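Start at 1 and go down the list; that is how both ligands and their atoms are numbered. A quick note: this is a predicted structure, and the numbers were derived from the prediction, not measured.
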Amino acid sequence: MNIKNELAKLLPTNLQSLITETNDKSKGDYCVPCFSLAKEYRKSPVVIAEELSKTITGEIIEKVEAVNGYLNFFINKNAIAESVIDDFNKNGTNMFKGNVGKDKVVCIDYSSVNLAKYMHIGHLCTTIIGESLARILEASGYKVVRINYVGDFGTPFGKMICGYKLWGSKEDVEKRGVDAIQDYYVEFCKHEDDETYAQMARDTFTKLENNDPELTEIYNWFISISIDETKRLCSILGANFDDWRGEHYYSQFVPDMVDELRKANLLKTGEQGAQIVDLGDLGVSVILKNDGSSLYATRDLCTACKRYDEYKFDKCLYVTDISQKLHFAQFFKILDLLNKPFANNLYHVAYGRLSLPEGKISSRKGKQALLKDILNEAITKANEVIKDRDIQNPEQVAKVVGIGATVYSVLKKDKLKDSVYDINSALNFEGDTSPYMQYTYARCCSILRKCPINQNIKVDYSYLTTNEAYDILKLINNFNETVSQALNSYEPSIISKKVLELCKLINIYYHKEKVITDNETETQSKLQLINIAKETIKFGLNLICIDTVEQM
Ligand code: ARG
């Protein structure tokens, strides 16, 4: 139920959009100023408010007071409790879902790892933000296509293969997998200033582009090793993709794209003989280098078109860091100039930088914060934190707590804000942390284990009308709106903040009220509140890619 809308229905039209929630609940839950009616009614706002307060009634209103030209509404908390619990018992957490996306398809391009390199701390954000948005979109009724548009094209692979040929062996790759091929690449890069090596890498890449069978076999082998590792890491974070085709696959469509741009008179020859599109304020986008090779942008143009042909998406989102802002603005604009019908349905979802407390990560100096190390460390540290607790399945709990802490470090704040990833404070059981929320959930589970819900006992909603209970129920009542706000601004942290607030409210509630009492009706009524709060936490945490355990 939308309380504001319900109130609005009881008010004169002019006042309907003026309802606001009050800060001081002793003066009512909502208030409305009557000043805008003075002219039409030819009365003072004070008198108007007095008169209206005597006539307005409704099931959700307990009392109306007129104060200095304002109407103050006290909500009937009994009615809200009944409505929320009734809805939940009928629909479960579907009560939080929407249907704006019914029959619509959204493609999300996220994670989109460059396969020549290890996944590192930077990929945490794109993978987690993208996956959370995918879940939020699904909860809003969209069909979502999850795409990991891998970077599997270009000279890095020439270098990697050269490194393998110089220093590697089949056995080594079979034994050490992704670590072996990474080492070849890194080792080769140390020599790349030497022209002999640089030429070797270029030649190898050219041969690869011309489908040299031996090189193609090595290339495919390395790619599959790399993709397997990427799949493993992404799935630890809860992200499983539908489509893994990357830049290499789409590069076959480059010639057609170049033709299309030429026919549309968009292509010009730039200073050094490159083929460019001049986008005025948005600068120049290079489509082909002077040696005729394509660029990242060229391939993105092809990919967007092919994706549309295949998925007929209503929207396509690209989740990358803010540094790629111009890249996306440029190629979206080119598609617009080509009159593509989907050009205005492409969105760049940008986020800020995540760094480690020690300072910037540098991949060149070999001091890289690798994703696999970050995830391992999170689980190891979570293990230390929970080791003295008496719980079943400590390994499972450590994994859920550790990964949850990492995920929440990314999703707790506005996505565009820069932040520092500090696993030690993220694992705190108090404060704005994932373990705090997971623990609150587990505590609800424990109460319900101790004293299960008995559906045969009729709930007496009057036990759920204290301010503390009302705050919880109101938040749950509005949680579907929270989900749609997160959707509209592509901002998972809106959900994070609400779930955190809910957990705080539940802890306040425990503090103030005894849940399990001698009165069975009272206990059962309160357990309904605990149960729905627990399910809301779980639903909300799932939207932000955090798992829960029933005991911790
Ligand atoms: N592989 C790119 C990178 O690591 C990100 C790709 C994002 N998606 C896209 N369609 N451009 O920077």
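Residues R307 and D109 are paired through a salt bridge, judged by an N-O separation under 4.0 Å between the basic side chain and the carboxylate. Salt bridge annotation for E377-K381: present, with a cationic side-chain nitrogen under 4.0 angstrom from a carboxylate oxygen. Electrostatic pairing of R232 and E229 counts as a salt bridge here, judged by a charged N lying under 4.0 Å from a carboxylate O.
In this structure, G151 has no heavy atom closer than 4.0 Å to ligand 1. At least one heavy atom of F328 sits under 4.0 Å from some atom of ligand 1. Proximity of Q324 to ligand 1 is established by a heavy-atom distance of less than 4.0 Å.
At least one N or O atom of D300, backbone or side chain, sits closer than 3.5 Å to an N or O atom of ligand 1. For the pair N114 and ligand 1, the shortest N or O to N or O distance falls below 3.5 Å. Residue E247 places no N or O, backbone or side chain, under 3.5 Å from any N or O of ligand 1.
The protein non-hydrogen atom at the shortest distance from atom 7 (C) of ligand 1 is Y296 OH, 3.5 Å. Remark: minimum distance from atom 8 (N) of ligand 1 to any protein heavy atom is reached at D109 OD1, 3.0 Å.
Shown in contact with T320 at under 4.0 Å from a heavy atom are these atoms of ligand 1, numbered in order with element: 7 (C). Every atom of ligand 1 is numbered from 1 in the order shown, and the set under 4.0 Å from a heavy atom of Y149 is 8 (N), 9 (C), 10 (N).
Here Y318 and F331 bring their ring centres to under 6.0 angstrom of each other. For F222 and F157, the gap between ring centers reaches or exceeds 6.0 Å. Proximity of the aromatic rings of H348 and F332 is defined here by a centroid distance below 6.0 angstrom, and this criterion is not met. Ring centers of Y308 and F342: under 6.0 Å apart, within the cut-off.
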